[in-house]
Amino acid sequence: EDKVVQSPLSLVVHEGDTVTLNCSYEVTNFRSLLWYKQEKKAPTFLFMLTSSGIEKKSGRLSSILDKKELFSILNITATQTGDSAVYLCAGYPNTDKLIFGTGTRLQVFP
Amino acid sequence: GAGVSQSPSNKVTEKGKDVELRCDPISGHTALYWYRQSLGQGLEFLIYFQGNSAPDKSGLPSDRFSAERTGGSVSTLTIQRTQQEDSAVYLCASSSQGAQFNQPQHFGDGTRLSIL
């Protein structure tokens with residue numbers, strides 16, 4: 001059965017800290033891995049990773065995929081209170097449905 | 001529209017009633033997906049539309065759940081004879097091309113459904 005596991009379940013940091021969120025996956029016919037940020041409502045798309053070892057970056061956020069070890073990390077540097085959210089990781093097999101983990105809840109305090 | 005639009009944003013209803021949830025995808029997006037997010041659970045796939053066809057309904061939890069899409073655009077998810085375990089946030093997503101093209105899915109704000 002396909003599954004995606006995220007760790008830690010929750011994280012509390014202070015502004016300015018750097019955090020690393022982990023995602024491991026077992027997905028049949030894996031195509032890509034996606035990261036989303038969910039604040040109050042819609043999960044907002046962050047990154048889609050298809051190739052191993054190629055870092056994707058957007059401002060203070062970056063992510064990388066390791067297809068040999070079947071995991072991905074999402075890094076956030078110089079965290080801000082606006083980064084507080086649930087971060088969702090999803091595996092995309094060669095079908096139509098995303099396989100989601102249960103998320104990491106990040107709280108950033110001033 | 002600019003993003004995926006869902007309505008209503010909140011729905012409270014009594015057990016046994018039928019409900020309809022609506023999704024308007026991003027303009028031009030051919031693929032549409034429904035997911036359900038229960039408290040403490042990950043997003044759970046329900047159904048996928050390519051155009052007006054639903055090639056994958058495998059996630060619908062029971063025959064009380066059905067969905068349709070018309071004009072290759074708006075979709076409606078219907079839950080008949082609602083039960084308390086149907087309480088969840090129902091999320092709709094769309095992507096620019098069919099699922100086989102490995103495009104990211106973009107989500108709406110969801111409908112929070114509460115069954116009393």
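So that the names make sense, note that chain A is the first sequence line, chain B the second, and so on, each numbered from 1. These numbers come from a predicted model, not from an experiment.
In this structure, chain A has no heavy atom under 4.5 Å from any part of Phe49(B). For Leu34(A), the part sitting under 4.5 Å from any heavy atom of chain B is the side chain, from C-beta outward, and nothing else. Only the side chain of Leu88(A) comes within contact range of chain B, judged by heavy atoms closer than 4.5 Å. Residue Leu43(B) touches chain A through both its backbone and its side chain, counting heavy-atom pairs closer than 4.5 Å. When heavy atoms are compared at a cutoff of 4.5 Å, Phe107(B) approaches chain A by way of both its backbone and its side chain.
Counting only residues at least two apart or on different chains, the disulfide (SG to SG under 2.5 Å) pairs with a member in residues 3-116 of chain B are Cys23(B)-Cys92(B).
Its side chain within the 4.5 Å cluster rule, Leu116(B) clusters with Val12(B) among the Ile, Leu, Val, Met, Phe, Trp and Tyr residues.
Taking hydrophobic clusters as Ile, Leu, Val, Met, Phe, Trp and Tyr residues chained together by side-chain heavy-atom distances below 4.5 Å, Leu98(A) does not share a cluster with Phe71(A). Linking Ile, Leu, Val, Met, Phe, Trp and Tyr residues whenever their side-chain heavy atoms come within less than 4.5 Å places Leu113(B) and Leu60(B) in a single cluster. Under the 4.5 Å side-chain heavy-atom criterion for grouping Ile, Leu, Val, Met, Phe, Trp and Tyr, Leu61(A) is connected to Leu11(A) within one hydrophobic cluster. In the hydrophobic clustering of ILVMFWY residues, with side-chain heavy atoms under 4.5 Å counting as a link, Phe65(B) and Leu32(B) come out together. One hydrophobic cluster holds both Ile79(B) and Ile115(B) under the rule that ILVMFWY side chains link at heavy-atom gaps under 4.5 Å.
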Output the donor-acceptor atom pairs between chain A and chain B under 3.5 Å, with atom names and distances to 0.1 Å.
| unit_1 | atom_1 | unit_2 | atom_2 | d |
| --- | --- | --- | --- | --- |
| Arg31(A) | NH1 | Ala99(B) | O | 2.9 |
| Arg31(A) | NH1 | Gln100(B) | O | 3.1 |
| Arg31(A) | NH2 | Ala99(B) | O | 2.8 |
| Ser32(A) | OG | Asn102(B) | OD1 | 2.8 |
| Tyr36(A) | OH | Gln105(B) | N | 3.4 |
| Tyr36(A) | OH | Gln105(B) | O | 2.5 |
| Gln38(A) | OE1 | Gln37(B) | NE2 | 3.0 |
| Gln38(A) | NE2 | Gln37(B) | OE1 | 3.0 |
| Ala42(A) | N | Asp109(B) | OD1 | 3.3 |
| Tyr92(A) | OH | Gln105(B) | NE2 | 3.3 |
| Asp96(A) | O | Gln105(B) | NE2 | 3.2 |
| Lys97(A) | NZ | Ser58(B) | OG | 3.0 |
| Leu98(A) | N | Tyr35(B) | OH | 3.0 |

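The shortest non-hydrogen separation linking Gly108(B) to Pro43(A) is O-CD, 4.2 Å.
Taking Ile64(A) as the reference, Glu55(A), Ile73(A) meet the side chain to side chain contact (heavy atoms under 4.5 Å, CB included) condition, with sequence neighbours excluded.
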